Each structure stands twice: as C-alpha cells, then as structure tokens.
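Note on naming: letters A, B, ... go to the chains in the order of the sequence lines (proteins, then strands), and numbering restarts at 1 for each one. What you see is a predicted model, and the numbers here were worked out from it, not measured in a lab.
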Amino acid sequence: MYARYLLCSPDMNKTVIPLSWLRKGDKAIIVSLDNSALGIKLMEMGCMPGEHLEVDYIAPLGDPISVRIGNYLLGLRIDEAVAIKVMKQ
Amino acid sequence: MSEPKKIKIALAGNPNCGKTSLFNALTGMRQKVGNFAGVTVDKKTGILFLDNKVEALVVDLPGTYSIYPRRIDEMVTFDVLANPDNVSHPDVIVLLADASNLKRNLLFCTQIIDMGIPTVIALNMMDVAEKNNIRIDVAKLEEELGVPVVPMNAREGKGVDKLLKLLSSAIAKPKRSFIDMQKLYGDAKELSNKIPYSNEYVAALLAVLHKELNDFPEEKHQLIDEWVAAKNFVAARFQGEEVLQRYNSINRLVRDCVNEEQKENKSLETTSRIDKILLHPLWGYLIFLGVFFLVFQAIFAWAQYPMDLISSGFSTAGNYLHNLLPAGMISDLLIQGVWAGAGGVVIFIPQIMLLFGFITILEDTGYMARVSFLMDKLMRTTGLSGKSTVPLISGMACAIPAIMSTRNIESWKDRIITIMVVPFMSCSARLPVYTLLVSFAVPSQTVFGIFNMRGMWMLGLYLFGFISAIVAAFIMKLIIKTREKSLFLMELPIYRWPRWGNVGVTMFEKAKVFVTDAGKIIVAISVVLWFLASYGPGDEIKTVEKKFEDTSFTSQYNSIDLDAMRQSEKLTHSYAGHIGHFIEPAIMPLGFDWKIGISLITAFAAREVFVGTIATIYSVGSTGDMDMNKLRARMHSEINPQTGEQVFSFATVVSLMIFFALAMQCMSTIAVVRRETKSWKWPMIQLFYMTGIAYLASFITYMLLR
C-alpha cells in the first residue's frame with residue numbers, strides 16, 4: 001500500500017519511504033507529508049520537509065516510536081508515522 | 001484615590017516551555033483554579049500588581065503548538081485569543097518560547113504576532129540553550145519579529161524583573177506579518193472591517209472556527225456565515241500552505257538570529273541515556289511497576305494514617321458538639337448529617353494530595369510522558385490510551401483522586417471512557433466489605449502448599465474488577481462516537497528535576513477544588529441518607545423509643561445489648577428500613593433480603609458503611625466497638641423466616657461480592673464525576689449502567705450457585 005511513494009531509483013537508499021519503516025538509530029530527511037489534518041499537525045510540531053530526523057527509540061511493544069527532530073524528541077504512533085515520508089541517510 | 005486600572009494578560013506558548021513556572025513567578029500564591037466556560041479545562045488565574053499602579057489579571061492558557069486547535073484544551077486557547085467577546089480576551093499576550101527549541105516554537109509565535117494583539121515574547125530556557133551551545137542574537141530577533149523579546153529562565157526567576165518592567169510600559173500592536181496575507185487571506189480584509197478588533201488574519205481564523213466558540217454574538221455568526229457563503233471560503237484550504245509559508249519566514253529568521261554550533265546537544269544526549277534504561281523492554285517495565293507500586297502504596301497505605309486521624313478527629317468533635325448542643329432534631333441534623341458529611345469530604349484529602357504530589361513530580365521530571373509511551377500499545381487494545389494508565393492504577397486505591405487525574409487526558413473520548421470505567425477498579429472502600437464476606441464464606445485453608453484460600457479469593461475479586469474495567473472500556477470504545485481522532489503525537493520532554501514549589505501548589509489546589517466543588521454534593525447526599533436512616537413514617541420511631549423506655553422490658557437485658565437492640569429496631573422502622581422492604585422483591589432474585597437491602601442503601605454513603613449497617617441491623621453493636629467474630633456468628637445463624645433457609649448462604653454471599661465489585665455505590669464518585677464532566681448526564685449514565693450490570697451479574701451468580 002506504500003508502493004505509490006516508492007520512487008523508481010536504482011539506489012535503494014535514495015528511496016522515499018514512510019517514517020514507520022525506519023529502524024532504531026536510522027537517520028533520515030523528511031521529504032513530504034500527507035496532505036491531511038494529521039500531516040498539517042505534524043508540520044506544526046516541526047516535521048517540515050527538509051528537516052533531519054533520527055529514530056531514537058521504539059517502544060518495547062513496537063509502537064509508538066520516539067523520533068529526534070530539531071532539538072526535541074517527538075513520540076508518535078506507527079500509524080501516525082506513516083504520514084511522514086522520508087529519505088534514509 | 002481613583003480605582004487602579006485593570007488589564008488582562010494571557011500567558012500562551014507551546015507545551016513544556018515553562019509556562020507554569022512563569023505563571024507562579026508572576027502571581028505567587030495569588031492564584032485561583034477554576035474552569036473555562038463550558039468545558040472542563042483548568043483555568044488558572046492570578047493577580048499581578050505592576051509598577052504603574054495597574055492591576056493585571058493573568059490567565060494561564062493551555063499549551064499548544066499552533067493556533068489551529070485539535071483538542072478541547074487547545075480550543076480554549078484559540079477562543080480566548082481570537083474571540084474579542086471572550087471574558088478572558090487579553091489586552092497583552094505574554095508569549096513563551098523555548099530558546100533551546102526555537103524553530104518549532106516560532107510557528108505559534110508568528111501566528112500570535114499576526115493576530116495584532118500587543119505581545120511580549122518571554123524567551124525562556126536560556127540556560128538549556130546556553131548549555132547546548134545555542135546562541136541567540138536577541139536584539140536581532142526582536143527586530144525581525146517586531147515585538148519585545150525578554151530572555152529568561154523562569155524556573156530560577158531570572159529575567160522576570162525585566163518582563164515586569166516591560167509590562168508596565170505601553171506595548172504597541174505588532175504590525176509585522178510572516179505570511180503572504182494578501183494571497184492567503186486577502187478576501188478576509190473585507191470581513192475584518194465588519195468585525196471590531198480584528199485584522200484579516202483574525203477574521204480568517206474566525207471564519208474557520210467561529211462555530212466552536214463560546215459567547216460569540218449571534219450577529220457576528222451571521223456576518224461570518226454570509227461572508228463565507230458569498231466568497232465560497234473553504235475552511236481548511238489554506239492551513240497547510242500557511243504553515244509552509246511560516247516555516248519559510250522562520251528558517252530565514254533563524255539563520256540570521258541563531259548561531260547553533262554543530263556539537264552534540266548535551267541535554268538530549270543525557271535524556272537519551274536515561275531513556276535507554278527507563279524505556280528498556282525489561283528494566284523499563286520493572287521500573288514502571290516499581291514507581292506505581294510506590295504511588296499505590298502511598299494512596300493505599302500511607303494515606304491511612306492521616307485518614308484515621310481525620311476520622312477520629314471528626315467523631316471526637318462530633319461527640320463534643322453532641323454534648324454541647326441541646327438534644328433534638330436540629331442537633332442530630334448538624335452532627336449526624338452535616339458534620340458527618342463534612343467528615344466524609346475531608347477524609348479524601350490525604351489521598352488526593354498524595355496522588356497529585358506524585359503525579360506532579362512524575363510530570364515535572366518528564367517521566368509521565370514515558371509512561372504513556374510504554375503503555376500506549378497495551379492500553380490501546382482495550383480502547384484507552386497510554387494516558388489512562390495513571391487513573392486506572394490510582395483507581396485501585398480510590399476512584400475520587402483517580403477521576404480527578406483524568407484531566408491530563410486531552411482526548412475527550414479517552415477521558416470519558418476512563419472516567420466511566422475507573423470505579424470498577426477495586427478501591428480501598430471495598431476492602432472491608434470483601435474482608436467480611438470472604439472471611440465468612442471461605443475457609444482459611446492453604447492450597448498448593450503456600451497460598452491461603454481467602455487470599456486467593458481477594459486477589460480474584462481485584463482481578464475481576466480490573467477485567468470488568470477493561471471489558472467496559474472496550475465496549476464503550478465502540479459505542480461512544482466522536483469527531484475527534486485520538487492522536488498520540490506528543491513531545492517527550494527532556495528529563496529535569498521537579499519544581500517542588502509547583503508540586504506543593506498543585507497538591508493544595510487539587511484538595512481545595514475537591515472540597516469546594518464536590519464537597520457540597522457529598523454533604524447534601526449525606527444529609528439525605530442520615531434522614532432516611534433516622535426517621536420513619538408516622539410515629540414508628542417513637543413507638544420503638546417508648547418500648548425501650550419501659551423498665552419491665554429493659555430490665556431483662558444489660559445496657560450494651562439493649563443499646564444495640566434499640567439501634568437495630570430504630571433502623572428497621574426508619575424510612576431506610578421501609579425502602580429495604582420495598583425493594584426486597586427486586587433484590588430477592590439476587591439472594592438478598594430486606595436487611596441486606598437497607599445496607600445496600602446506606603452503603604451509598606461509602607461502600608465500607610455496609611459492614612457497619614449489617615452490624616447495626618444484627619444488633620452486634622455500632623461500628624466503633626464491633627466484634628467481627630460475633631458478627632460472623634450472628635450472620636451464620638440468620639434464618640429467612642419465609643423459607644427457613646440460611647440468609648447468608650454461600651450463593652448469597654458470592655452474589656453480594658459480585659454486586660459490590662460492579663455496582664456504582666459511592667456518592668462521592670458521583671459528585672466528582674459531575675464536577676469533572678460538568679453535567680449530571682455522565683454520572684447518571686454511570687450509576688445506571690454499573691448498577692444494572694451488577695444486578696445482572698449477581699442474578700446470574702446466584703442462580704448458578706443456588
């Protein structure tokens with residue numbers, strides 16, 4: 001269901017993927033956000049295209065996750081993280 | 001002497017940027033907690049005396065990341081700032097920004113500046129910024145934003161003097177704009193001309209959200225509706241574009257004013273290291289259990305000492321008053337009704353203060369956000385969210401402080417469901433009831449070598465309450481509909497030391513609010529219950545009194561037995577006794593007779609009163625000098641005169657346990673739910689659905705075991 005966000009690039013590291021696909025410790029740049037109320041809310045909380053982020057922690061049960069963005073930690077659920085599209089660094 | 005000039009100041013800003021610290025620093029103890037009109041969002045106001053003889057009313061607004069609200073508390077902030085007709089609409093805004101996290105904070109700042117209300121920015125957490133090598137050119141920032149900026153560290157009171165001096169002088173309306181107003185909201189210029197005190201940005205915001213406002217005049221609603229229709233204005237169209245434009249301005253601004261060395265951020269590194277332990281799959285949960293065991297221990301066990309003191313203090317004072325006042329109905333009303341009711345209110349204060357002391361410490365340090373983080377997945381399978389963890393656990397001690405602590409749940413639906421299911425958790429008031437019933441029906445034998453049978457039953461009853469809460473939450477999640485989507489999306493603040501002053505203030509305020517708001521209802525119900533148990537129809541009570549004055553009858557017994565018998569007969573002839581008889585046909589299928597019926601009614605004052613009432617009915621003395629063995633023996637020998645069977649059969653006792661586990665039998669809970677939901681609707685729904693379920697479950701239990 002995320003296929004429409006996959007850019008056709010031979011280099012898998014340059015692929016645009018949802019934030020929820022990242023693993024602990026992964027670093028990425030935000031490429032875009034869903035055009036939805038959630039997407040706007042995320043932007044308001046600092047998740048702007050072009051911002052760097054790092055997955056700081058994944059809760060023991062796999063959800064939610066904690067992401068370091070700008071100078072703070074944002075906790076969000078996996079189904080919320082899907083709204084953020086990133087490119088892995 | 002002329003009246004001092006009065007102005008209104010609003011404190012606004014992102015969550016976790018130190019708003020509470022600044023509010024306390026500005027107003028000290030001259031503060032008051034209430035509700036914002038129409039919603040149960042804490043409204044903290046305080047008085048501030050400025051140098052130029054101006055008295056300022058400071059209101060602390062709920063923290064938000066954007067002027068566009070997504071939750072009830074954020075809606076309050078919007079209402080106060082954008083609606084000129086709101087009673088708290090400010091003359092001056094003190095806007096807090098976290099210097100260590102400026103970019104994100106500036107989004108809300110630029111929105112507020114665009115609204116054109118005189119604004120001062122308090123650039124807080126300068127200490128954290130400096131520690132992490134973030135240098136901010138304040139003069140440049142001031143120039144770029146077009147409003148005064150005061151660097152400060154509110155926790156230590158640094159910069160507060162400068163802010164006060166600034167507030168004493170006249171502050172101009174900001175004129176700078178951070179978005180292409182003409183392109184985004186150009187049409188709104190026309191609307192703003194019609195609405196006083198608004199510019200085009202405020203007009204556009206009102207056009208989007210005016211239907212959600214409190215106290216917004218009808219003619220303005222009409223004006224806006226007409227304009228929206230004429231211009232074909234689509235509410236949500238520009239919001240995303242606006243945010244993008246704002247960040248463009250902010251990025252430029254931050255490049256000019258902030259010099260951030262590309263070193264590691266010390267505060268975040270430390271926080272990350274602590275998280276490694278506190279969010280660890282094993283240690284994380286063990287520490288979580290440890291912390292909540294401590295909290296639970298505090299409200300369950302430690303609170304018992306001050307509670308015993310209060311209880312004996314109230315009864316000693318009651319006896320003293322009894323001797324002081326002339327005997328009669330007025331004296332009884334005052335002592336057994338009002339005074340006992342007041343005692344029933346004050347008794348909760350230790351639990352409330354202890355729980356909120358712990359909660360404030362956990363929040364101040366940043367651990368509370370981690371609790372939500374750890375528990376969210378688990379709690380969501382039941383229809384709740386991570387934030388319901390604290391109220392549910394606290395509910396095992398007492399539902400009153402637990403329900404008060406649901407204020408921290410921002411999602412309305414999650415909050416209502418939590419409030420509705422918390423009373424299923426086995427609270428400490430059920431303990432005496434369970435103790436009596438279990439020790440009566442279950443033999444004290446050891447099973448599997450180590451476990452005591454009675455202990456297992458007690459544990460089973462606690463589990464039963466917990467499972468009932470979870471199942472009820474799951475069902476309610478499907479029933480209650482809401483437009484609001486439950487989001488997790490929260491900042492995990494860096495770990496910091498708690499502010500002890502803040503802890504003290506919160507403990508005090510919560511106790512005060514409970515006494516003043518829920519207290520009245522509790523005293524009123526207590527008076528009604530006293531009346532029902534002390535008076536009877538016609539002259540039945542008088543006849544009983546006369547019987548016990550007859551020396552030919554009384555000489556057969558000793559005075560202690562006689563007193564017990566008199567109390568028992570008075571109760572059975574009171575209105576409560578008659579109601580017991582009246583409801584007997586309804587509770588017969590559960591295995592209860594009318595005497596148990598009376599006890600169920602009086603237990604509404606507090607569940608543990610059940611034990612005392614049973615003791616009174618069976619003439620084994622009043623609560624003070626009750627002998628449990630005597631009571632159990634008396635219960636064993638009680639025979640139903642109609643059937644000739646034992647009244648307290650195994651089936652009846654288990655049915656009673658189930659009834660007490662599930663029924664809503666606590667007037668104080670009803671009073672506090674009424675306060676926390678601001679309507680009688682939810683406490684009534686709760687009373688009927690819980691008691692209904694209890695009835696059904698007890699009925700089934702009795703039928704199966706009989």
Side-chain angles (χ1 to χ4, degrees), chain A residues 5 18-20 22-86 89, chain B residues 14 16 64-68 70 98 100-105 107-108 111 128-129 132 134 236 239-240 242-244 246-248 250-251 260 265 267-268 271-272 275-276 279-282 284-285 366 369-370 372-378 380 385-386 485-494:
Chain A
Y5 300 111
L19 170 61
S20 52
L22 295 183
R23 272 178 247 155
K24 191 183 162 186
D26 280 355
K27 290 178 184 176
I29 293 186
I30 298 179
V31 177
S32 67
L33 288 106
D34 281 5
N35 188 14
S36 64
L38 176 63
I40 292 172
K41 204 70 230 171
L42 284 162
M43 290 205 289
E44 288 174 345
M45 291 183 79
C47 301
M48 290 301 295
E51 287 284 336
H52 292 256
L53 60 78
E54 179 182 343
V55 178
D56 196 59
Y57 232 93
I58 297 175
L61 296 168
D63 188 15
I65 63 173
S66 140
V67 175
R68 182 175 159 177
I69 178 154
N71 277 330
Y72 85 109
L73 295 171
L74 174 68
L76 69 174
R77 289 179 184 152
I78 293 291
D79 55 11
E80 292 160 358
V82 170
I84 305 177
K85 303 299 180 287
V86 299
Q89 290 292 286
Chain B
N14 281 192
N16 305 310
T64 176
Y65 297 101
S66 157
I67 192 69
Y68 288 98
R70 74 174 154 126
D98 175 356
S100 69
N101 208 346
L102 196 59
K103 208 191 260 184
R104 193 199 65 206
N105 278 258
L107 178 84
F108 183 57
Q111 288 177 324
V128 180
N132 297 308
I134 301 168
Q239 205 183 330
E242 187 196 316
V243 175
L244 282 170
R246 283 190 190 282
Y247 270 112
N248 278 336
I250 291 165
N251 279 335
E260 194 174 342
N265 185 315
S267 307
L268 277 177
T271 294
S272 214
D275 273 342
K276 211 162 253 167
L279 298 181
H280 188 273
L282 176 65
Y285 284 103
R370 271 73 183 185
S372 299
F373 190 77
L374 278 174
M375 297 301 288
D376 188 64
K377 180 89 185 266
L378 212 60
R380 246 186 332 146
S385 77
K485 195 168 170 269
S486 163
L487 291 178
F488 185 75
L489 214 59
M490 64 194 278
E491 185 176 350
L492 301 172
I494 56 169

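With no hydrogens or angles considered, a side-chain donor-acceptor pair links Asn265(B) and Asn132(B) at under 3.5 Å.
Across every non-hydrogen atom of Cys47(A) and Ile84(A), the tightest pair is SG-CD1, 4.0 Å. Residues Ile494(B) and Ser267(B) share a closest heavy-atom pair of CD1-CB, 4.0 Å. The shortest heavy-atom contact between Met43(A) and Pro49(A) is SD-CD, 4.5 Å. Listed here is the closest heavy atom pair of Arg77(A) and Ser385(B): NH2-CB, 3.7 Å.
For Phe108(B), no part lies under 4.5 angstrom from a heavy atom of chain A. Of the two parts of Asp63(A), the backbone and the side chain both hold a non-hydrogen atom closer than 4.5 Å to a non-hydrogen atom of chain B. For Leu107(B), the part sitting under 4.5 Å from any heavy atom of chain A is the side chain, from C-beta outward, and nothing else. Of the atoms belonging to Lys377(B), heavy atoms from both backbone and side chain fall under 4.5 Å from chain A. Using a 4.5 Å cut-off between heavy atoms, Leu378(B) contacts chain A through both its backbone and its side chain. With a threshold of 4.5 angstrom between heavy atoms, Ile78(A) does not approach chain B through any atom at all. For Glu80(A), the part lying near chain B is the side chain, with the backbone staying farther off; criterion is any non-hydrogen pair under 4.5 Å. Contact annotation for Leu268(B): only side-chain heavy atoms (C-beta onward) come within less than 4.5 Å of a heavy atom of chain A. With a 4.5 angstrom heavy-atom cutoff, Arg246(B) does not touch chain A via any of its atoms. Contact of Asp79(A) with chain B is made through the side chain alone, with heavy-atom distances under 4.5 Å. Heavy atoms of Met48(A) lying under 4.5 Å from chain B belong exclusively to its side chain.
Of the possible polar contacts, none joining the Tyr72(A) side chain to the Arg104(B) backbone as a donor-acceptor pair under 3.5 Å is found. With hydrogens and angles ignored, the 3.5 Å screen pairs no side-chain donor or acceptor of Asp376(B) with any backbone N or O of Ser372(B). Asp56(A) places no side-chain N or O within donor-acceptor distance of the main-chain N or O of Val67(A), the cut-off being under 3.5 Å. Using modelled atom types, no side-chain atom of Glu44(A) and backbone atom of Ser66(B) make a donor-acceptor pair closer than 3.5 Å.
Looking only at heavy-atom pairs under 4.5 Å with chain A, the residue among Asn16(B), Thr271(B), Leu244(B), Asp98(B) that has the most is Leu244(B). Of all the listed residues (Ser66(A), Gly39(A), Gly75(A)), the one sharing the greatest number of non-hydrogen pairs under 4.5 Å with chain B is Gly75(A).
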